[in-house]
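Here is the structure we will look at, set down as structure tokens.
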Amino acid sequence: MKINWFSPLPPAFTDIANYTLRLLPSLAKQAEILLWTTQSTWDSEIEEYGEVCTYSGDQIPWMKIHQGDLNIYNIGNDAQFHKNIWQISRKCSGLVILHDYKLQHFFSSIYQHNYDDYLIEMERYYGIEGRKMAQLFLQNRISIEFLADNYPLTPLALDNAVGVMTHNQFAYEQLRQENQWITAFTPLPYDSPLDKNSSIPKSGQPPYRLIIFGYLGTNRCLNVVLQALASFPQKLQFRLDIYGQISQKIEVIEEINQLEIEDIVTIHGFVPEKTLNTALSNADLAINLRYPTMGEASATQLRIWGYSLPSLVTQIGWYQELSQDSVAFVRPYYEIEDIHRHLQQFLDNRQSYLKMGQNGREILAKYHSSQQCSKAIMELSDIVEKFKYRSLLDNFTKSVGKAMRLWNQDNQLNFGLTNVSQVIHFYLKPTVKEKIITIGQKSALAEKKIVFLHIPKTGGMTFTAVLKQLFDKEQIFPHIDPLVLLKSFASNESAYQVFPGHFFYEVLENFSEKPITLTFLRNPIDRLKSHYYFYQIQPDHAIENMRDYDKKIVELSRKYSFEEFVCLDTLEIENGFYNLQTRYIASNTGDAIPQSEAEATALINLALRNLHSIDFIGIVEDFKNSLSLFKKMFSIDDEIRQQPINVNYKRPRSEKANAIFQENPIAKRRIALDQKLYEEGIKIYRNLLEKYNIK
């Protein structure tokens, strides 16, 4: 096979160039590689593995490109290196290796001089809501990080792709669910520079060397690391070495001076590979924080493991999937606290951190070889190459079908054109590709309607993502509002199989046949905390469209601490927070709040009775086992990925708040019924664990 490989090449300041260099020796043994670049210079070592061809935005040698069997496009989040690659990918289909999942930075940079097109693309993929969010971003009313998290614009990078490969498991799951491309995952490749049995001698004496390296943009948390080091009581036990290009170098130098740590921090800048390798060999602990993350896998982390280095990583994105035996986690918004804790633990028990680095190196050797990755790329390339002509036909008929439907939209032409249009439209309907995750033939989930009673702040978004792995997008009711479901219930019931949403128990009465019901319960205090902080962190643009009722709750949550908030005797808090789990399971969240002990008793008794009729009850605090139980109960044999969604990492943890629910009668009343419901739910759940032999 002859492959056109589009990628930045060394010495470009991006690790995707190094990624290409790492893969080429293996790829060149399996195919003829033509390396395409817009660079004027590149490392001569590259030419050992393939011919280097150049192009520019307006001078593209299409004849030579078309002589290849398949184009492979490496696309990351930096427009400086990937803009031209993406533009060619839109004109000539192929396989995209997607290095970043969230691409708002990429496209906002590309469209910075043509925001009209940017707004069009946002509306194309996310509707009117997407366009409004983009306008708010352009008005500096929301951050690009918020936009990237909620509207990543990933499909625009794959606009003309036949297949896509990712090195991030979460990105793979998201793309696979779209059912638009041939999709594959393989771990990011990195071969350790050291022999398997070799070890790096360490002096074991302070000062211990900390190291940060790579392209150091604002998301690498340099300022937080410096503040943590400066405020650490035993900071003189460490030295920090910083290698690489710093996006805000002047500001970093100023902060070092202001913190008076210039004697223990050294900025080395960009250095030759040999120099950096020596520094890694001499280091004791690496710091690899990233916040926010763009959904990328980290070659930096693999390089750290290559030198058996323990490391501190942010517990988010790709990094939170790593084993806690191979990295030390730092929570977003708790960076200084967690860095202090790890530095102290390193001083107290250095051997445990050395073991962490060794574990990382074992993971690297087992899963991340360049040979394994190049083999996976070639296997996917064979599939994509065979399918690309069908893809061209799909795209062509899609364009024709759209045009013909427009011509005949008023049904004024009555000479068979309607039938032609319908045939093309039928041909274009998304087909169900073979699922990686399948439902056993005997599973009741495959035969009945399914309703997920998603009680707010009980892990419902995460569990809904699990359901989306099991069913096609067209099978899932796309709204969480019960009123939307009930408004046209008959047509909705016939159109969908799965109904996940903020539905109260009474909604089940509307189904023509009793559906399978699923729900999750959560410790009432934790659920209440989560709900409070959810309101507290709402951005101003979201508050504008809220009901007056919700606006009042936001106002109160910002004015009062959690401990004060739960003790306020106001109508809004009572309606929004009073024993919400009980009210969902009893009947309807809109029911009046009980005004007497007898009414409260009747409400909890109804909820308990309904609880026993629900087919599956999961417990948020034991989510992993809950998922195992769910699989066994419904004969689901294949792997299900769990990725936390809609988690508020900013929410502080406070044990002192728990005492409020013991002491204050208003706060105690707000969770009393939920506590009884939760305890009963735990009993049901444990009985099911025992029944299905889950430990």
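Atom set for the values below is all heavy atoms of this structure, side chains included, hydrogens, waters and symmetry mates excluded.
- The aromatic rings of H479 and F477 sit perpendicular, their planes meeting at an angle over 60°, well past the 30° parallel limit.
- In plain terms, the two heavy atoms of I304 and A286 that are nearest each other are CD1-CB, 3.7 Å.
- The side-chain heavy atoms of H105 and D78, taken from C-beta on, include no pair separated by under 4.5 Å.
- For the residue pair R290/Y319, the side-chain donor-acceptor check at 3.5 Å is satisfied.
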- Derivation of the salt bridge (charged side-chain N to carboxylate O under 4.0 Å, His left out) call for D69 and K386: CA-CA 10 Å; D69 296 305; K386 292 173 183 176; over 6 Å; no
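- Side chain of H99 to main chain of I75: no donor-acceptor pair is present (N/O by atom type, distance under 3.5 Å, no hydrogens or angles).
- In summary, the side chains of H82 and N74 do not present any donor paired with an acceptor at a separation below 3.5 Å, with no hydrogens or angles considered.
- Contact annotation: the side chain of I480 never approaches that of P500 to less than 4.5 Å [non-hydrogen atoms, C-beta and beyond].
- Aromatic pair Y243/H268: centroids less than 6.0 angstrom apart.
- Separating the CE atom in M378 from the CG atom in L23 is a distance of 11.5 Å, to the nearest 0.5 Å.
- Y126 and Y151 have perpendicular rings, their planes meeting at more than 60° on a 0 to 90° scale where under 30° would count as parallel.
- The shortest heavy-atom contact between C92 and N71 is SG-ND2, 3.2 Å.
- Between Y101 and L103, the closest side-chain pair of non-hydrogen atoms is not below 4.5 Å.
- Side-chain contact between L158 and L175 is present, with heavy atoms from C-beta onward closer than 4.5 Å.
- In terms of heavy atoms, L98 sits closest to T154 at CD2-CG2, 3.6 Å.
- Residue K473 qualifies as open at atom NZ: its count of foreign heavy atoms under 6.0 Å is 12 or below.
- Between E129 and K132, none of the side-chain N atoms (NZ, or NE/NH1/NH2) sits under 4.0 Å from a carboxylate O, so this pair counts as no salt bridge.
- Inter-residue side-chain proximity for W36 and K64 is flagged as met; some heavy-atom pair is nearer than 4.5 Å.
- Using modelled atom types and a 3.5 Å distance limit, the side chains of S298 and R303 yield no donor-acceptor pair.
- Listed for the Q39 side chain is a donor-acceptor partner under 3.5 Å among the backbone atoms of T41.
- Using modelled atom types, one finds no donor on one side chain facing an acceptor on the other under 3.5 Å when comparing Y190 with Q301.
- Side-chain contact between V330 and Q315 is absent, with no heavy-atom pair separated by less than 4.5 Å.
- Each of T14, T20, D15 was evaluated against N18; a single residue qualifies, D15, per the side chain to side chain donor-acceptor pair (under 3.5 Å) test.
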Side-chain atoms of residues 244-255: list all donor-acceptor pairs with protein atoms under 3.5 Å, sequence neighbours left out, distances to 0.1 Å.
residue	atom	partner	partner atom	Å
S247	OG	L216	O	3.4
E255	OE2	Q227	NE2	3.0

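- The aromatic rings of Y19 and W5 sit parallel, their planes meeting at an angle under 30°, below the 60° perpendicular limit.
- Between Y291 and N219, the closest side-chain pair of non-hydrogen atoms is not below 4.5 Å.
- In summary, the side chains of Y118 and D116 do not present any donor paired with an acceptor at a separation below 3.5 Å, with no hydrogens or angles considered.
- The existence of a salt bridge linking K2 and E385 is excluded, since no basic side-chain nitrogen approaches an acidic carboxylate oxygen closer than 4.0 Å.
- Across every non-hydrogen atom of I46 and L21, the tightest pair is CD1-CD1, 3.8 Å.
- Relative to the six-membered ring of Y334, R331 meets both conditions, a distance below 6.0 Å and an angle of at most 45° to the axis.
- Heavy atoms of other residues, nucleotides or ligands lying less than 6.0 angstrom from OH of Y367 number 12 at most.
- Contact record, R22 with S370: O-CB, 3.6 Å, taken as the closest heavy-atom pair.
- With a 6.0 Å radius and a threshold of 12 heavy atoms from other residues, nucleotides or ligands, H66 has its NE2 atom above the threshold.
- The aromatic rings of F270 and F13 are tilted relative to each other, their planes meeting at an angle between 30° and 60°.
- Contact detail for S530 and K457: the closest heavy-atom pair is OG-CE, 3.2 Å.
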- Would L70 and N4 count as a side-chain contact (heavy atoms from CB on, under 4.5 Å) if you check the C-alpha gap in whole Å, the side-chain angles of each, and the deciding distance to 0.1 Å? CA-CA 6 Å; L70 181 67; N4 294 311; over 6 Å; no
